[in-house]
Student: 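Quick one: the structure is below, and I'll ask about it shortly.
Order of the sequence lines fixes the chain letters, A, B, ..., with proteins taken first and strands second; residue numbering starts at 1 for each chain.
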2 protein chains.
Amino acid sequence: MDKELSNIFNDTGHRLTQPRMAVFNFIKSSDLPLSIADIVRLNPAMDKVSIYRTISLFKKLHIVVAVNNGWKQLYELASPFNPHHHHLVCTKCGKLTEIHSKKLESMVEELTSENDFHPVSHHFEINGLCSNCLTLVPDLPSQP
Amino acid sequence: MDKELSNIFNDTGHRLTQPRMAVFNFIKSSDLPLSIADIVRLNPAMDKVSIYRTISLFKKLHIVVAVNNGWKQLYELASPFNPHHHHLVCTKCGKLTEIHSKKLESMVEELTSENDFHPVSHHFEINGLCSNCLTLVPDLPSQP
DNA sequence: GTCCGTGCAAAGCGTTTGCAGCTTA
DNA sequence: TAAGCTGCAAACGCTTTGCACGGAC
């Protein structure tokens with residue numbers, strides 16, 4: 001797994017430095033997607049600028065992918081390190097639930113071939129209330 | 001249609017002012033979703049701050065919805081003014097193609113009920129190459 | 001030893017806030 | 001007329017850029 005990481009760096013002519021490793025491990029160890037602000041805040045030893053540059057490189061090398069949770073961008077490990085999936089986002093407590101749906105993935109194929117379009121990536125996200133928050137709310141707006 | 005707009009304002013205790021009307025009509029007349037920067041740039045008579053405040057109000061009143069085209073947020077009219085849909089986004093030329101898929105909408109129902117989640121809104125977007133750009137590109141990355 | 005990468009400082013932008021004057025209902 | 005809205009100025013915070021030093025290969 002980390003072998004795979006160093007390969008990516010070697011193959012693309014980049015150096016696997018300590019700060020880059022640290023950011024990778026930090027994201028890997030989190031069970032939630034993280035914002036850049038999170039990573040900066042929780043890694044005070046590392047310069048903010050280096051974190052920006054690292055994330056930007058990781059995006060380019062497809063080591064991480066951006067998950068947008070409505071208002072901001074969060075990052076999590078990408079495909080070789082973390083299988084492709086989507087999220088249910090609770091707008092009240094912020095809880096993220098992973099969705100793994102083959103049917104959704106095949107729908108991407110369907111929709112793109114219908115439109116003569118070559119898909120490279122896709123994003124899908126459902127916002128609403130998780131089961132826990134649902135019980136705490138008196139009236140339920142719904143407009144999916 | 002504009003009747004409906006003034007109703008929304010009346011019912012929620014807001015005033016339908018000239019600048020708000022102008023922003024509404026501007027978005028309505030566009031056949032593409034617009035960024036705030038677009039709206040600011042193309043409406044030099046209106047103050048930038050007022051445009052921010054107007055868009056923010058429109059979002060709150062569900063007059064517009066945000067479409068994220070990968071890196072930035074774009075806005076287009078929401079449901080009563082423009083039926084719900086999603087987009088194929090060409091990452092080369094920026095072209096947006098609307099997708100109207102009942103199957104996708106029912107999948108939202110399915111995925112949320114499976115997870116005991118109450119959906120409020122959802123976002124879906126496919127990035128890739130449109131048929132036109134496809135013919136111009138020698139090699140084709142694909143990772144849906 | 002040579003580049004690439006890092007850290008620091010500072011600039012750059014998009015977005016938000018405060019306030020006085022104007023507009024709308 | 002009274003409340004809400006607009007425009008201007010300025011603050012704010014996230015992100016990017018420039019540059020010299022330090023570390024990886």
Student: Grab the CG-P distance between B:N43 and D:dG7 for me, whole Å please.
Tutor: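 From B:N43 CG to D:dG7 P: 11 Å.
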Student: Should the ring pair B:H85 and B:H100 be called parallel, tilted or perpendicular, given that the plane angle runs from 0 to 90° and is split at 30 and 60?
Tutor: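 It falls in the tilted class, 30° to 60°.
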Student: So which one's nearest nucleotide on DNA chain C is more toward 5', B:A37 or B:R15?
Tutor: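 Nearest-nucleotide comparison on DNA chain C picks B:A37.
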Student: Taking all heavy atoms of A:C130 and all of A:C93, pick out the closest pair and write down the distance.
Tutor: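 So the two residues come closest at SG-SG, 3.8 Å.
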Student: Rounded to whole Å, please give me the gap between NZ in A:K48 and P in C:dC8.
Tutor: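 The distance from NZ of A:K48 to P of C:dC8 comes to 13 Å, rounded to the nearest Å.
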Student: Report the distance from atom CZ of B:R41 to atom C1' of C:dG14, rounded to the nearest whole Å.
Tutor: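 After rounding, the gap between these two atoms is 14 Å.
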Student: Check the orientation of A:H122 and B:F124. Use parallel for under 30°, tilted for 30 to 60°, and perpendicular for over 60°.
Tutor: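 It falls in the tilted class, 30° to 60°.
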Student: Using whole Å, report how far CG of A:D47 lies from C1' of D:dT17.
Tutor: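 Atom CG in A:D47 sits about 13 Å away from atom C1' in D:dT17.
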Student: Report the residue (B:V49 or B:Q18) whose heavy-atom-nearest nucleotide on DNA chain D is the more 5′ of the two.
Tutor: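 Nearest nucleotide further toward 5': that of B:Q18.
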Student: I want to confirm an ordering. Mapping B:P19 and A:I51 to their closest nucleotides on DNA chain C, which one lands closer to the 5' end?
Tutor: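 Its nucleotide being nearer the 5' end, the pick is A:I51.
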Student: Go through the N and O atoms of the side chain of B:R53 and the base of D:dG4, and report whether any donor-acceptor pair is under 3.5 Å.
Tutor: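 Per atom types, no contact qualifies.
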Student: Ignoring hydrogens, what is the shortest heavy-atom contact between A:K92 and A:C133? Give both atom names and the distance.
Tutor: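 Heavy-atom minimum between the residues: CB-SG, 3.8 Å.
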